[in-house]
Q: 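The structure's right below; bear with me while I get my questions together.
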Amino acid sequence: MLEKRKGITVSRQIMDDQLLHPDATGELTGLLNDLVVAGKIISAEVNMAGLADILGQSGKTNIQGETVQKLDVFANQTIKRRMEQCGYVCVMASEEDDEVIPVLDGYEGEYTIAFDPLDGSSNIDVNVSIGTIFSIHRRLSEKGMGTEADLLQKGSKQVAAGYIIYGSSTVMVYTTGSGVHGFTLDPSVGEFFLSHPYITIPDVCPYYSVNEAYSTYWLDSTRDFIAQLKKEEDGMGPYSLRYIGSLVADFHRNLVKGGIFLYPRDKKSPEKSEGKLRLLYEAAPLAMVVEQAGGRAITDDGRRILDIEPTNLHQRVPLIIGSKKEVDLAEKFFT
Ligand code: AHG
Ligand code: MN
Ligand code: MN
């Protein structure tokens, strides 16, 4: 039915999602709507990047003598500012902040949010797609300011998750657990309109995405799996390699076109013993999106991402995510 409603706004869809949950208080609706506003503000700033001289070091001044910020700092502040006073969040975590982020006194709400304000930071100043990733849980504690424990919940408990990709256009993709929808921002009117109803990740998977430069540091299982993808066998392969280096952008392409993305652990350094990507605000939200779209997300030792109990805010996790058939195949190599 939604297919016929192409053109509805994201705010309307968020409201309609709420109707599926008769006991909903409307707080999640409010939270997501505030996140949409943050996405529009960040999108506008990303689009001004080259023009407004906002790139470069924090603390630099622009032509008007104003202090300018790096885009990732700007994105972080924008989301924090919207969320701390929206009244729907009790505590936050961001890739850019070591500790939990409190909300304004008296504005504590029902939910927690963890986010990567700007993913793909190495691509910011070269006009390659970047994005914001978010993960929302219902709080565990009763009331007042939320704590770290409220944030340390497994991915299967997320009530909403998604991302906003700032690319050739700005697209918001999110799920509240009843399918995945994508909305494209029309900058001329400042609205996100439904462009991708009920996204399902294609079964035919043409792409794999991994940083092959690390192959000498890979475990044998990773090497064997990637070698398999290069073969032509059983009507599958050889797959084409696509690696942007922005998780959001690699993920979004694979979600729409079919594909598998891997950031496995490697032996390059002790820090890479769990890969690079973070569980709370990179792997878990994208895992919820991919599962809702019919795909899968596991670790390189075969654990379902959504089942992992987090132990700290910034913990890393090896990630294999994408089309079901390919993740099923990967699982055979990784378990
Ligand atoms: P961030 O920009 O938020 O720090 O994330 C960067 C991540 C992710 O977007 C990408 O998939 C990965 O780093 C690329 O890492 P490599 O350069 O090691 O391949
Ligand atoms: Mn990131
Ligand atoms: Mn980031």
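Just so you know, ligand 1 is whichever comes first in the structure, and atom 1 is the first atom listed for that ligand.
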Q: Does the gap between the ring centers of Tyr208 and Tyr243 come in under 6.0 Å?
A: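 When the ring centroids of Tyr208 and Tyr243 are compared, they turn out to be at least 6.0 Å apart.
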Q: To check you understand the geometry: which heavy-atom pair defines the closest contact between Pro285 and Gly162, and what is its length?
A: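 The pair with the smallest heavy-atom distance is CB-N, 4.5 Å.
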Q: With ILVMFWY side chains joined below 4.5 Å, transitively, what does Phe193's cluster contain besides itself?
A: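 When side chains under 4.5 Å apart are linked, the cluster holding Phe193 also contains Val189.
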Q: Answer yes if the side chains of Asp150 and Ser141 hold a donor-acceptor pair under 3.5 Å, and no otherwise.
A: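 Yes - a donor-acceptor pair under 3.5 Å links their side chains.
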Q: Determine, for Tyr214 and Lys272, whether the Lys NZ or Arg CZ falls below 6.0 Å from the six-membered ring centre while staying within 45 degrees of the axis.
A: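 Ring-cation test returns yes.
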Q: Near ligand 1, which residues have a heavy atom under 4.0 Å away from one of its atoms?
A: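 Within 4.0 Å of ligand 1, protein side: Glu95, Asp116, Leu118, Asp119, Gly120, Ser121, Asn211, Tyr214, Tyr243, Gly245, Ser246, Leu247, Phe261, Tyr263, Lys276, Leu277, Glu282.
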Q: Does a side-chain heavy-atom distance below 4.5 Å link Thr132 with Pro117?
A: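 Side chain of Thr132 against side chain of Pro117, heavy atoms only: no contact under 4.5 Å found.
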Q: Consider side chain to side chain contact (heavy atoms under 4.5 Å, CB included). Of Val89, Asn33, Leu35, Ile41, which one does Arg82 pass it with?
A: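 In the set Val89, Asn33, Leu35, Ile41, the residue that makes a side chain to side chain contact (heavy atoms under 4.5 Å, CB included) with Arg82 is Ile41.
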Q: Test Ile165 against every option in Val171, Val173, Thr170, Ile130 by the side chain to side chain contact (heavy atoms under 4.5 Å, CB included) rule and name the one that passes.
A: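 Only one of Val171, Val173, Thr170, Ile130 forms a side chain to side chain contact (heavy atoms under 4.5 Å, CB included) with Ile165, namely Val171.
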Q: Who passes side-chain hydrogen bond (donor to acceptor under 3.5 Å, both in side chains) against His137, sequence neighbours left out?
A: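 For His137, no residue satisfies side-chain hydrogen bond (donor to acceptor under 3.5 Å, both in side chains) once neighbours in sequence are set aside.
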Q: Ignoring waters, how many protein N/O/S atoms are under 2.8 Å from the Mn ion (ligand 2)?
A: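 N, O or S atoms of the protein closer than 2.8 Å: 3.
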